[in-house]
There are 2 protein chains.
Amino acid sequence: MRPSRSGTFAKPWRSSTGSSSRPSMARLRDVADVAGVSVTTASRVLNGADASHPVSPEVRAAVTAAAEQLGYRPSATARALKQGRSDLIGVIVSDILDPYFGELTRGIEIASAAAGFVTVSANGNRDPEQELTRFRALRQHGAAGIVFCGSDIDGAPGTAALAREVNRAIREGTRVVSLAPRGFTSAQIVVDNTATSAHLTAHLIGTGARDIVFVGGIPGLAAADERISGYRSTMYERGLKPHVVGLDGMNQTAGRDVVATILAGATTPDAFLCTNDETAVGAIAALWNAGVDVPGDVAIASIGGTAGGRIFDLTAVELPLGELGRLAVEYVADDTDRVPDAPVATLRIGRTTRERTD
Amino acid sequence: MRPSRSGTFAKPWRSSTGSSSRPSMARLRDVADVAGVSVTTASRVLNGADASHPVSPEVRAAVTAAAEQLGYRPSATARALKQGRSDLIGVIVSDILDPYFGELTRGIEIASAAAGFVTVSANGNRDPEQELTRFRALRQHGAAGIVFCGSDIDGAPGTAALAREVNRAIREGTRVVSLAPRGFTSAQIVVDNTATSAHLTAHLIGTGARDIVFVGGIPGLAAADERISGYRSTMYERGLKPHVVGLDGMNQTAGRDVVATILAGATTPDAFLCTNDETAVGAIAALWNAGVDVPGDVAIASIGGTAGGRIFDLTAVELPLGELGRLAVEYVADDTDRVPDAPVATLRIGRTTRERTD
DNA sequence: TTGTAGGCGTTATCAG
DNA sequence: CTGATAACGCCTACAA
């Protein structure tokens, strides 16, 4: 430990003389000066282990004390610039109001924290142009990985441009993974929506339902289209006529409005099969407002797995959301290109459907 | 425009020879080289207007073309390091599953985008230590501003440490604002929870309710405590006995569980006054599951303003969430220390309460 | 109208 | 065991 430099020379260009100026963030250099060591040494102490460059206990203590005293926080910006990537994992969600994405994000967060990353999420708002803006920002900030949580809308203005940008980013080394079907070349960890939906449709038929209406979706949204497809083919297989309604959204409002409209009509179906928990809750709201008995008059089921569905004791195929998030981080953190297999969904029987009668 | 440098010298230290190496992100220097100009000129063109340093149309076109061709994306990291702050506005939410925070975040996002910022949110999970981690990360990444969306829990382990860190950050120049009561020295833009709750309580009494149960909260959570306080004092003023239950959460599960317990008891109250929309939806789920008529048997109201409440046509004090978010950005973007006034809440009468009988 | 050079805070490479 | 020094990619006085 060499003798401390004089205070005057410690921060030559910082106005330590200007009495009323507010203190700015302490830099590594400030810590080094206070501790009376070089920035190199300070860096080594504060970075933790560096086997090839041991530091004496006294110096270590001095640096630690100085850092503590100054409230030193390393600049993630400088570190990211130097190392070519930051400690951020970015999540692009399709709808910040839908807890489905919240559950995925929580899974990502937990795994991220364990791996030393910080998760930040940005709202794509189901708009390719906003997704592109957010994706760019995350990438430009050197995110170690970027996770897309929902699918894209085929043919929507901006979808192609987003795909080009993402593909380019991937070529240039950014780790990108999607937890829903997407039209770009990223890794994808996706539960089989078609099979899942077919399974749930079969279950409803098994409970005696025949007139099953599929609720919700957005034309071109891959995940939604796949669910409709699974429903349709199962209905046809059983000789039943599929009926899809409410293709104007994946949220509670979409579900409520279309179910309310149907309830105002002449006949009520046996069951509503909702594309996700949000539309299902919307459907429940419509039924509740109309005083319709569930599952006496009509059954409801959905494809989801959020807490909101369980609150209403909804019969639902529950997707393993937390696990999907964990796998996304596993892919990002792993430097190989092995893509983890998607976990499987499970059927949870609630009180919104009848017992099986067979 | 000077003659192009030879390709060999353009990227001396980059292995343009290694045929199989993947292309990395283009830098400003690469653009300049391709366009045959200096980085300064390239910077000027790509940064947009700089009146004192005009650029000739040909050079401008060459640079633009080069940037386009290379897919150039400026490094936000380098820019942030140079300029001392980034274009990020960080939002710390208390519960990523609660759309209340989603609505606030959307307000922030919209205003941010208009002001040229990018909004990223991080989940504090109602845990001061996680909030601290997220806050530090955002700050270290040079966030232009950090917005807290929910209150802190007085006395919880970590709350004091968070406050110290936030206060220090503020002293050191970080713009911090809270949209809920907090125990640190940041700007706060907060709707009057006490008055709001008192107003709603009075409304319920006006509809004829006498046995009004307040549902939900977390002891020490300022916003929740204030709502309880407004309820309590109004009840006392009218000679009624307050009854607060479910102080173990602000989410749907908390609301559902406590209401289910009450419904299992001997008597049913006249009304449930829920601390937020989430507990109200939980209460509705419990009532729905139990087949209780609303508002025939019991009324429900809440303090919120999310879409979820409107779906169920809930009587609620609606907080101006989007507007609060907008004001937060206004504060962050403004370099003065003027704190915008909080907007007022409005009462929305839905079908979950009876008509006024007076 | 365009270019040169220095530095933002950190880490890595090389000397001592 | 410890230090000086050179980048990382960008912006911006200051030249020319």
Side-chain angles (χ1 to χ4, degrees), chain A residues 1-3 5 11-14 24-33 35-63 67 70 72-87 139-142 172, chain B residues 1-3 5 11-14 24-33 35-63 67 70 72-87 139-142 172:
Chain A
M1 197 185 315
R2 56 179 185 182
R5 294 175 188 162
K11 310 179 179 181
W13 67 94
R14 286 204 175 187
S24 50
M25 246 169 96
R27 305 152 303 166
L28 190 54
R29 156 136 196 201
D30 299 320
V31 174
D33 285 347
V37 300
S38 73
V39 286
T40 309
T41 302
S43 174
R44 283 202 266 258
V45 171
L46 267 17
N47 278 348
D50 181 348
S52 65
H53 287 274
V55 183
S56 80
E58 304 117 23
V59 167
R60 180 173 296 278
V63 171
L70 295 175
Y72 170 71
R73 302 286 171 243
S75 158
T77 298
R79 205 176 265 195
L81 178 59
K82 178 66 184 163
Q83 310 204 318
R85 70 174 28 188
S86 77
D87 60 347
R139 177 164 136 75
Q140 291 173 7
H141 279 278
E172 294 179 353
Chain B
M1 196 185 320
R2 56 183 186 179
R5 296 176 186 160
K11 311 179 182 182
W13 66 93
R14 287 203 172 186
S24 47
M25 246 168 95
R27 303 152 306 165
L28 189 54
R29 154 135 199 200
D30 299 321
V31 174
D33 286 348
V37 299
S38 73
V39 285
T40 310
T41 303
S43 174
R44 285 203 264 261
V45 171
L46 267 18
N47 278 347
D50 181 347
S52 66
H53 286 275
V55 183
S56 78
E58 303 117 24
V59 168
R60 180 173 296 278
V63 170
L70 295 175
Y72 171 71
R73 302 287 170 242
S75 159
T77 298
R79 199 173 262 181
L81 180 61
K82 176 70 184 155
Q83 310 205 318
R85 68 174 30 188
S86 76
D87 60 346
R139 177 163 134 75
Q140 291 173 7
H141 278 279
E172 293 178 354

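All values below were derived from every heavy atom in this structure, side-chain atoms included, with hydrogens, water molecules and symmetry-related copies excluded. Only a predicted model underlies this, so the values are computations on that prediction, with no experimental measurement involved. Naming: A, B, ... by sequence-line order, numbering from 1 per chain.
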_Toward the 5' end of DNA chain C, by each residue's nearest nucleotide, B:A42 or B:A78_ = B:A42
Tell me whether the side-chain N/O atoms of [X] come closer than 4.0 Å to OP1 or OP2 in [N].
X     : N      : answer
B:S75 : D:dC10 : no
A:S38 : D:dG3  : yes
B:R79 : D:dC10 : no
B:Q83 : D:dT12 : yes
B:R29 : D:dG9  : no

Spacing of [X] atom [atom1] relative to [N] atom [atom2], expressed in whole Å:
X      : N      : atom1 : atom2 : result
A:E172 : D:dG9  : CD    : P     : 13 Å
A:D87  : C:dG9  : CG    : P     : 18 Å
A:R60  : D:dT2  : CZ    : C1'   : 13 Å
A:L46  : C:dT10 : CG    : C1'   : 12 Å
A:H141 : D:dG9  : NE2   : P     : 16 Å
A:R85  : C:dT11 : CZ    : P     : 16 Å
B:R44  : D:dC10 : CZ    : P     : 16 Å

Sugar-phosphate, base or nothing in reach of [X], heavy atoms under 4.0 Å:
X     : answer
A:S56 : sugar-phosphate
B:T41 : sugar-phosphate
B:L28 : sugar-phosphate

*asked:* Between C:dT11 and A:K82, counting only base atoms on the nucleotide and side-chain atoms on the residue, is there a donor-acceptor pair under 3.5 Å?
replied: yes
_Side-chain-base donor-acceptor pair under 3.5 Å for A:R73 and C:dG9_ = no
*Determine whether the side chains of A:T41 and A:S38 contain a donor N or O and an acceptor N or O closer than 3.5 Å.*
yes
Selected nucleotide, minimal atom distance to [X] side chain, candidates [options]:
X     : options              : result
A:V37 : D:dT2, D:dT12, D:dG3 : D:dG3
B:L81 : C:dG3, C:dC8, C:dT10 : C:dC8
A:V59 : D:dT2, C:dG3, D:dT5  : D:dT2

Close side-chain approach of [X] to [Y], heavy-atom, < 4.5 Å:
X     : Y     : result
B:T77 : B:L81 : no
A:R73 : A:M25 : yes
B:R27 : B:V39 : no
A:R79 : A:P74 : yes
A:V63 : A:R44 : no

